[in-house]
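Residue numbering restarts at 1 for every chain, and letters A, B, ... go by the order of the sequence lines.
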There are 2 protein chains.
Amino acid sequence: MDIEQTKIPQATAKRLPLYYRFLNNLHSQGKMRVSSKELSDAVKVDSATIRRDFSYFGALGKKGYGYNVEYLLSFFRKTLDQDETTRVALIGVGNLGTAFLNYNFTKNNNTKIEMAFDANTDRVGNEVGGVNVYHIDDLEEKLGDLSVAILTVPASAAQGIADRLVEAGISGILNFTPARISVPSQVRVHHIDLAIELQALVYFLKHYPLNEEAPMDEQ
Amino acid sequence: MDIEQTKIPQATAKRLPLYYRFLNNLHSQGKMRVSSKELSDAVKVDSATIRRDFSYFGALGKKGYGYNVEYLLSFFRKTLDQDETTRVALIGVGNLGTAFLNYNFTKNNNTKIEMAFDANTDRVGNEVGGVNVYHIDDLEEKLGDLSVAILTVPASAAQGIADRLVEAGISGILNFTPARISVPSQVRVHHIDLAIELQALVYFLKHYPLNEEAPMDEQ
DNA sequence: TGGACTATGTGAAAACTTTAACGACTTCCG
DNA sequence: CGGAAGTCGTTAAAGTTTTCACATAGTCCA
Ligand SMILES: NC(=O)c1ccc[n+]([C@@H]2O[C@H](COP(=O)([O-])OP(=O)(O)OC[C@H]3O[C@@H](n4cnc5c(N)ncnc54)[C@H](O)[C@@H]3O)[C@@H](O)[C@H]2O)c1
Ligand SMILES: NC(=O)c1ccc[n+]([C@@H]2O[C@H](COP(=O)([O-])OP(=O)(O)OC[C@H]3O[C@@H](n4cnc5c(N)ncnc54)[C@H](O)[C@@H]3O)[C@@H](O)[C@H]2O)c1
């Protein structure tokens with residue numbers, strides 16, 4: 001909870017995990033150095049933006065040389081707390097929830113889905129992707145000190161479950177349901193609304209010219 | 001392809017589908033009128049932002065009254081081309097792809113996954129969620145005039161498939177793989193990177209104070 | 001009908017984000 | 001060793017998005 005880091009722009013913070021992943025790729029390819037230009041080509045973010053982003057953390061590179069991959073990587077590992085794994089709960093083992101459980105978020109990542117909950121007794125007691133599925137009634141009992149939850153229940157159940165999660169002490173929710181849930185201000189919710197992403201893409205295609213000067217990428 | 005509409009800020013454009021969905025909800029609840037304040041509570045977007053967004057389309061509301069739900073809805077239906085369905089292809093019928101196929105995007109939506117492709121012959125020939133799965137070798141032959149594709153293949157295959165999609169005339173790609181693909185500037189790619197979303201949430205929780213003045217929501 | 005109330009639409013300011021440009025320092029080759 | 005080439009870190013400018021705040025115009029009740 002560094003006071004320093006409070007100053008980092010949100011836009012920058014959102015790109016950090018992306019940088020981290022590509023630095024990891026470079027490192028496992030045995031690359032020793034990288035320039036903001038090379039990184040820019042890889043992650044599709046303007047090189048000036050990358051340099052600006054890095055500069056919030058101090059002078060990480062060397063003029064005329066670029067950045068040392070290993071150094072940068074170890075710096076971001078600390079910054080992004082890659083050393084400690086954040087344990088996550090998933091609520092709603094349906095289509096989407098099952099996909100997430102089968103996917104191993106820990107591969108390149110400091111997060112791990114530790115347990116799952118569902119209301120459907122057919123699902124309860126099983127293991128999906130190596131994760132135990134408990135009954136939603138046991139949420140408060142099993143949750144322990146987990147602080148992050150992924151919400152993949154039907155929209156109609158979203159607010160109710162969110163209330164229980166908050167009550168149980170969760171501090172972050174990744175919400176995949178179309179419901180815009182209400183939570184106290186100490187709790188952070190990120191909405192990922194897949195239907196809307198698709199609609200927005202279609203809208204942009206129909207209404208925005210996509211010629212030469214189209215932006216490199218979106219979102 | 002109205003010239004008018006080119007002026008609409010991207011940030012606004014991304015919120016339109018959200019507004020549309022909530023207006024639909026209100027309408028099916030029988031509500032006749034709605035104020036920017038009420039809408040704000042529902043979608044968690046500042047009411048001034050909502051009024052500003054709407055104002056790009058002209059004066060849609062009435063002072064002292066608010067907005068007529070039916071009118072607004074029919075206006076957005078036209079604006080978002082809700083009348084014509086956009087046909088979409090999905091490439092990669094794995095965990096995530098299967099979840100999308102089973103989900104009916106058409107429920108509240110003008111998009112429909114029309115066909116799917118996979119390299120695994122075990123999947124080919126089956127129907128998933130009512131959608132035929134073809135072999136990836138037949139991509140060019142089957143694709144026809146579809147202009148949007150959802151990419152849920154392994155990261156290593158992403159760029160190769162993207163190249164083929166572009167060659168086959170696709171104009172928009174919703175990319176769920178961690179690979180940042182390169183495409184010509186006439187093609188629009190939206191990246192949805194779930195692992196990064198999760199990491200970013202964790203980062204914000206650890207490094208940003210989430211007290212009184214925390215923003216209402218993110219992303 | 002009148003007057004209190006309500007809620008829009010928008011000008012202006014503030015906040016945030018991206019991009020351009022370049023001085024300064026490093027590297028690296030001949 | 002010296003100079004050309006490369007690349008950072010940053011200042012300043014431009015662009016985008018959000019928010020404030022209020023005149024204005026319509027509502028609605030008594
Ligand atoms: N699948 C997709 O492609 C997709 C796309 C966009 C949005 N979404 C949204 O994601 C969410 C999940 O979608 P899905 O397709 O996985 O749905 P699903 O119906 O397959 O899964 C929902 C799961 O939640 C469980 N559940 C229901 N009520 C519960 C409760 N009170 N407590 C705990 N578990 C409960 C159900 O038993 C089920 O297993 C939905 O809100 C949906 O709108 C999904
Ligand atoms: N599942 C998740 O929760 C999750 C989370 C984050 C990111 N992702 C990303 O989404 C993508 C898909 O993930 P997944 O879990 O569904 O993977 P998956 O391995 O379950 O599915 C990939 C599918 O693509 C098919 N495929 C492989 N090569 C192909 C090719 N050349 N042409 C056509 N099809 C091909 C495979 O046969 C398989 O069915 C991956 O890039 C993954 O990194 C998934």
Q) Between B:A48 and B:R33, which has a closest nucleotide on DNA chain C that is more 5'? A) B:R33
Q. What heavy-atom pair brings B:L143 and B:A89 nearest, and what distance separates the two atoms?
A. CD1-CB, 3.8 Å
Q: Give a yes or no on whether the ring-centroid distance for A:F76 and A:F54 is below 6.0 angstrom.
A: yes
Q: Nearest whole angstrom, please: distance from the P of C:dA7 to the CG of B:L39.
A: 13 Å
Q) Looking at the rings of A:Y19 and A:F75, which for Trp means the six-membered one, are their centres under 6.0 Å apart? A) no
**Q.** Sorted by number, the residues of residues 58-70 of chain B with heavy-atom contact under 4.0 Å to DNA chain C
**A.** B:A59, B:L60, B:G61, B:K62, B:K63, B:G64, B:Y65, B:G66, B:Y67
Q: Would you check if the distance from the ring center of B:F204 to the ring center of A:H190 is below 6.0 Å?
A: yes
Q. Which nucleotide, C:dG9, D:dG9, C:dA7, lies nearest any side-chain atom of B:S35?
A. C:dA7
(Q) Is it the case that atom CD in A:Q29 sees more than 12 heavy atoms from other parts of the structure closer than 6.0 Å? (A) yes
(Q) I need the NZ-P distance between B:K14 and D:dT17, as an integer number of Å. (A) 9 Å
Q | Other residues, nucleotides, ligands: >12 heavy atoms within 6.0 Å of B:E140 CD | A | yes
Q) Atom NZ of B:K37 and atom P of C:dT6: how far apart are they, to the nearest Å? A) 14 Å
Q: Could you tell me whether the phosphate oxygens of D:dC20, OP1 or OP2, come under 4.0 Å of any side-chain nitrogen or oxygen in B:R51?
A: no
Q | Donor-acceptor pair, side chain of B:H27 and main chain of B:F22, under 3.5 angstrom | A | no
**Q.** A:F54 CZ - D:dT7 P separation (whole Å)
**A.** 15 Å
Quick test: give all pairs of protein nitrogen or oxygen and nucleotides 15-18 of chain C nitrogen or oxygen below 3.5 Å, distance rounded to 0.1 Å.
from	atom 1	to	atom 2	distance (Å)
C:dT18	OP1	A:R15	NH1	3.1
C:dT18	OP2	A:R15	NH1	3.1
C:dT18	OP2	A:R15	NH2	2.8

Q | Min side-chain heavy-atom separation B:I181-B:V189 under 4.5 Å | A | yes
Q. Is it the case that A:R33 places NZ or CZ above or below the six-membered ring of A:Y65, under 6.0 angstrom from the centre and within 45 degrees of the axis?
A. yes
Q: Tell me whether the OP1 or OP2 atom of D:dT7 has a side-chain N or O from A:S36 closer than 4.0 Å.
A: no
